[in-house]
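Below is one structure, written out as structure tokens; comments come after it.
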Amino acid sequence: MNGWNGKILEIDLTKQTHKESPLDIEMAKQFIGGRGLGARLLWDLVGPDVDPLSPENVLIFTNGPLTATGYQTSNRFSVTTKSPLTGTVLDANSGGYWGMQFKKTGYDVLIVRGKAEKPVWIEIKNSEVTFHDASELWGMRVFALTEKLGQNNNKRNVLCIGPAGENLSRIAAIMNDRERAAARGGPGAVMGSKNLKAIVVEGSTRPEIMDKERYKFLMYETKKLLAASPLTSQALPEFGTVVLMNIMNNIGALATRNHQQTQFEGAEAISGEELTEKYLVKNQSCWACPIGCTRISKTEKVEGEGPEFESTWAFGAQCGIDDLPAIIEVNALCNDLGLDTISAGSTIACAMELSEKGYLDSDLRFGRADQLAPTVEAMAYRRDIGTELADGSLRLATKYGHPELSMTAKGMEMPAYDPRGLQGQGLLYATSNRGGCHMRGNMIGLEVLGLPKLIDRFQVQGKSAFVILNQNSNAAIDSLVICKFTNMGVADEYFARVLGAVTGIPYATGELIKVGERVWNLERLYNNREGFTSKNDSLPPRLLTEAPTDGPSKGWVSQLEPMLKEYYRTRGWDENGVPTPKKLAELGLENLL
Amino acid sequence: MPTVKLFANLRKVAGTKEVSVTGASVGAVVSELVKQYPALVANLLEHSPDALSGNGQICPHVIITINGHPTDDVNAPVTESDVVSIFPPMAGG
């Protein structure tokens, strides 16, 4: 077998046993790996009767056929589960080194079931699996634990949860390689519910490549393409993702103070320019990545990775805070505690609004940078006010009688881009299978950055086709699994050629995107089986009814309803948002129902 | 005169964040800007400094907004009170 290792490792924590099983190659051809393969396995393993935090839920770690080959950004892995935050299908993926090392153990998939009686950590050295007592590690934070378990970037890699995951925060992340995160949707809570503190991998297997000469040439071409693109050779390495702060503010699409405004007067103070000038130490890369978008930043108190744009926004504009050192420090704290920064920041913002309006008895207030770190600590340990914030903004706002103040889609906190100034992005959030997320597709390229060509951000008619293309493309890239930033310099179809060279299986023009469409429809079927309907394809009422009173998005609300109707039709779904038998047959999914 | 705001590495290249320049269209404003700050030519223009008056064009992926509204039209009108913001190619998320 080329590309894939052809093996699945299954671990039962309840029985403390493990076994190997073969990877179904037909399934692998259809879903490739990563997110796609994870969703397909989850379909069989976790039904609607399973509580996400029960032993019956599973964690499915997947890599892809390109992983660890050395192809640019082939370092990532995906973790799939039923989300304890949203109840939907969830996959979160992460870069760094762990995914590459996991592939080198000789497995394509790791399925973790059950629940250990006492805390454990697992060590996988090639095919040797060892269960270790983690009683003394339980309670440790991520940075110290990662070091203690012997993190060594190219040889031995640590994936773990922090206190937030142990305490079953529904916005807890799974961390790897110290500061990389599979963050969204609460996978860290699922790991905590299983009493699983860490998974350490060491491997020496390199995947076989079918056509080595073609593969080498494609790698050479990819290198040239990434070097020629101003995005991957200049924009991302020089300023990182947080460079988006000023432009999103400039166009009036930077959600501010829990989406009460669309421009933040303090944006410049928390911008990429400010970070680069005053706090940047250097930039850094994941394994086999020539782009190097990661920032290493430093304040008087911390030095570490980040913050990324979304994290800076979540604790910055969304909380009305323009104190960049405080944001850098709370970002590092989230990494150490194992919390999703987007959900954590937006949940604090929700609590700030609830408090200012008198619905929640707390002293949380917009603009109070001094409240960030103590509140995040309280969330991870479920102390005081943090007890309620630990499960995200929707549960918090619902408890206090104002669910409309939760800035979520399907219960997941949305990122920075305000849908009132970006109509396509709003449709994308509403239809995202894991909830409000910019990584299931991103319309910012088309609606703001002119990538590949600028389109009217306020236009409604015809937007759905762009959104669908974007969603399908992202699902395909997530299934490879490689970094989406490579797609800024290298077209989707190019990846199909690489996939063909590695696996020996020809992927015809359009077939890779078809895989993405298949994955998207499968995820939709999963959510439908869980009871989600078209009613869940929604946005917070504020975004549908409250137009900004000033700035470039003045007077606009999200025109979701007409876009949604068009979206269902263009997807080949019925008017209730259910994939039709014809569409399922076209995608080879007809046998699932 | 319209106000031009510069972002990211354009600030470093020009040595300023903000400048006032003459011009009644996006193309005219950018042409005037690069006359005042020749170092910006490589960042903003595909060809020579006066290319916008001929068949030249602004570099792909350079982002220009007028009062916060993105445009890729070099003929888009600009008035005296407008703010033209110019960003180099950028990505992220």
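Here the structure is a predicted model, which is why all the values come from computation and not from measurement. Just so we're on the same page: letters track the sequence lines, and every chain starts at 1. Scope of the values below: all heavy atoms of this structure, side chains included, with no hydrogens, waters or symmetry mates.
For the options A:Ile247, A:Leu244, A:Asn246, heavy-atom pairs under 4.5 Å to chain B are most numerous at A:Ile247. For the set A:Leu451, A:Thr232, A:Ile444, the entry with the most heavy-atom pairs within less than 4.5 Å of chain B is A:Leu451. Ranked by heavy-atom pairs shorter than 4.5 Å toward chain B, the options A:Leu449, A:Thr241, A:Asn250 are led by A:Asn250. Highest contact tally toward chain A, considering only B:Ser85, B:Gly92, B:Cys59, is held by B:Gly92 [criterion: heavy-atom pairs under 4.5 Å]. Note: A:Glu268 leads A:Glu308, A:Glu268, A:Met488, A:Lys484 in heavy-atom pairs under 4.5 Å with chain B.
With no hydrogens or angles considered, a side-chain donor-acceptor pair links A:Asp91 and A:Ser78 at under 3.5 Å. Counted by atom type alone, A:Gln284 and A:Thr294 present zero donor-acceptor pairs between their side chains at under 3.5 Å. When only modelled atom types and interatomic distance are considered, A:Gln318 and A:Thr256 share no side-chain donor-acceptor pair under 3.5 Å. A side-chain N or O of A:Arg76 and one of A:Asn93 form a donor-acceptor pair less than 3.5 Å apart.
Heavy atoms of B:Pro88 lying under 4.5 Å from chain A are absent altogether. Only the backbone of B:Asn67 comes within contact range of chain A, with heavy atoms under 4.5 Å apart. Proximity to chain A is absent for every atom of B:Lys5, based on heavy atoms less than 4.5 angstrom apart. Heavy-atom distances place both the backbone and the side chain of B:Phe7 under 4.5 Å from chain A.
A 4.5 Å side-chain heavy-atom check between A:Ile296 and A:Asn283 finds every atom pair outside the cut-off. Residues A:Asn474 and A:Met439 are not in side-chain contact: their nearest non-hydrogen atoms beyond the backbone lie 4.5 Å or more apart.
Salt bridge annotation for A:Glu277-B:Arg11: absent, with no cationic side-chain nitrogen under 4.0 angstrom from a carboxylate oxygen.
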